[in-house]
Amino acid sequence: MIGTKTADVEAFWQSCRKQHGITTDAYHASSFADPGFASYQGELIDLAIAGKKRATAHMALDFERNNIARREIGDYWVVVTPDSEPRCLVRITAVAIKPFNTVDAAFAASEGEGDESLEYWRKVHREYFELQCAHWGVTWREDALTVCESFELIEVA
């Protein structure tokens with residue numbers, strides 16, 4: 001995940017706050033994935049905007065290594081492009097931290113990617129997580145803690 005709170009991101013956030021009566025000042029701003037390991041950022045965002053992608057998953061280590069605060073239920077997240085352009089606002093509805101090899105088919109389907117199967121989910125997430133681990137110099141493990149976040153789409157930029 002990458003992203004910064006640029007002037008455009010802040011303007012989009014403030015517009016959403018006003019339009020939707022959001023009272024909190026706090027929000028997150030980042031991409032669904034790090035473009036250094038995933039070239040399909042636009043596809044993930046398009047799936048979220050279409051309402052097909054209602055969840056995402058990250059290695060717990062990703063938050064730690066990149067000094068990113070974990071999102072909690074009720075948090076708002078401005079999803080940005082690799083260039084930190086705002087694309088949509090989502091609200092976190094569920095968070096579960098579990099070993100990679102225990103993520104279930106229902107969660108995999110809620111990510112809305114590929115054929116929405118658990119097999120597809122494991123394949124693409126394993127590939128992505130292995131690239132991250134290699135970059136960080138750590139060994140990939142099938143029981144690596146995975147942060148599974150569900151969300152609802154609030155607004156499209």
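The figures that follow rest on heavy atoms only: side chains count, while hydrogens, waters and symmetry mates do not.
- Applying the side chain to side chain contact (heavy atoms under 4.5 Å, CB included) rule to Asn67 yields no partners; only residues at least two apart in sequence or on another chain are considered.
- Looking at Lys123 and Glu127, a side-chain N of the basic residue comes within less than 4.0 Å of a carboxylate O on the acidic one, giving a salt bridge.
- A search for side chain to side chain contact (heavy atoms under 4.5 Å, CB included) contacts involving Arg91 returns Tyr76, Thr93, Glu152, Ile154, not counting sequence neighbours.
- Separation of atoms NE2 (His58) and CZ (Phe32) is listed at 8.0 Å; rounding is to 0.5 Å.
- The line from CZ of Phe12 to SG of Cys88 is 7.0 Å long, rounded to the nearest 0.5 Å.
- Nearest heavy atoms, Ser84 versus Val9: O-CG2, 3.3 Å.
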Apply salt bridge (charged side-chain N to carboxylate O under 4.0 Å, His left out) to residues Glu142 and Arg126 and explain how you reach the verdict.
CA-CA 8 Å; Glu142 288 292 315; Arg126 183 181 294 112; 2.7 Å; yes

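- By the side chain to side chain contact (heavy atoms under 4.5 Å, CB included) test, Val138 is found to be paired with Leu61, Arg65, Cys133, Trp136, residues two or more places apart in sequence or in another chain being considered.
- Cluster membership check: Trp77 does not share its hydrophobic cluster with Leu47, using side-chain heavy-atom separations under 4.5 Å among Ile, Leu, Val, Met, Phe, Trp and Tyr.
- Of the possible donor and acceptor atoms, one in the side chain of Lys53 sits under 3.5 Å from a partner among the backbone N and O of Ala55.
- In this structure, NZ in Lys98 is found 5.0 Å from CG in Asp104, a value given to the nearest 0.5 Å.
- Side chain to side chain, Glu10 and Tyr27 meet the donor-acceptor criterion of an N or O pair below 3.5 Å.
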If you apply the rule side chain to side chain contact (heavy atoms under 4.5 Å, CB included), what do you find for Asp25 with Arg17, and how did you get there?
CA-CA 8 Å; Asp25 292 332; Arg17 284 185 69 209; 3.1 Å; yes

Could you walk me through whether Ile22 and Leu89 satisfy the side chain to side chain contact (heavy atoms under 4.5 Å, CB included) test, starting with their C-alpha distance in whole Å, then the side-chain angles of each, then the deciding distance to 0.1 Å, before giving a yes or no?
CA-CA 12 Å; Ile22 299 169; Leu89 175 68; 4.0 Å; yes

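- In summary, the side chains of Thr81 and Asp83 do not present any donor paired with an acceptor at a separation below 3.5 Å, with no hydrogens or angles considered.
- Under the ring-ring contact (aromatic ring centres under 6.0 Å, His included) criterion, His20 pairs with no residue at all, not counting sequence neighbours.
- Separating the CG atom in Leu44 from the NZ atom in Lys52 is a distance of 12.0 Å, to the nearest 0.5 Å.
- Considering only residues two or more places apart in sequence or on other chains, Asp143 meets the side chain to side chain contact (heavy atoms under 4.5 Å, CB included) condition with Pro99, Asn101, Arg141.
- Between His125 and Trp121, the angle of the ring planes stays under 30°, which puts this pair in the parallel group of the 30/60° scheme.
- With hydrogens and angles ignored, the 3.5 Å screen pairs a side-chain donor or acceptor of Tyr128 with a backbone N or O of Asp34.
- Scanning all heavy atoms of the two residues, the minimum distance from Ala157 to Pro86 falls at CB-O, 3.3 Å.
- Taking every heavy atom of both residues into account, Ile92 and Glu72 meet most closely at CB-O, 3.4 Å.
- For the pair Glu64/Arg70, a side-chain contact is recorded, criterion being any heavy-atom separation below 4.5 Å from C-beta on.
- No chain of hydrophobic side-chain contacts below 4.5 Å, direct or via other Ile, Leu, Val, Met, Phe, Trp or Tyr residues, connects Leu118 to Tyr120.
- Across every non-hydrogen atom of Glu113 and Val124, the tightest pair is OE1-CG2, 4.2 Å.
- Across all non-hydrogen atoms, the minimal contact from Ala60 to Val147 is CA-CG2, 3.8 Å.
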Under the side chain to side chain contact (heavy atoms under 4.5 Å, CB included) rule, what do Gln132 and Trp140 come out as? Steps first, then yes or no, please.
CA-CA 9 Å; Gln132 286 184 305; Trp140 161 253; over 6 Å; no

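- Sorted pairs that involve residues 128-139 and meet salt bridge (charged side-chain N to carboxylate O under 4.0 Å, His left out), not counting sequence neighbours, are lacking altogether.
- Interatomic distance, OG1 of Thr24 versus CH2 of Trp13, reported as 6.0 Å (0.5 Å rounding).
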Run the side chain to side chain contact (heavy atoms under 4.5 Å, CB included) test on Phe129 and Asp62 for me, step by step, so that the C-alpha distance in whole Å, both residues' side-chain angles and the decisive distance to 0.1 Å come before the verdict.
CA-CA 9 Å; Phe129 294 162; Asp62 192 359; over 6 Å; no

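- Between Ile45 and the choices Val80, Val79, Val156, the side-chain contact (heavy atoms from CB on, under 4.5 Å) rule is met once, by Val79.
- Residue Ala94 comes nearest to Ile73 through the heavy atom pair CA-CG1, 3.8 Å, listed as atom of the first residue, atom of the second, then distance.
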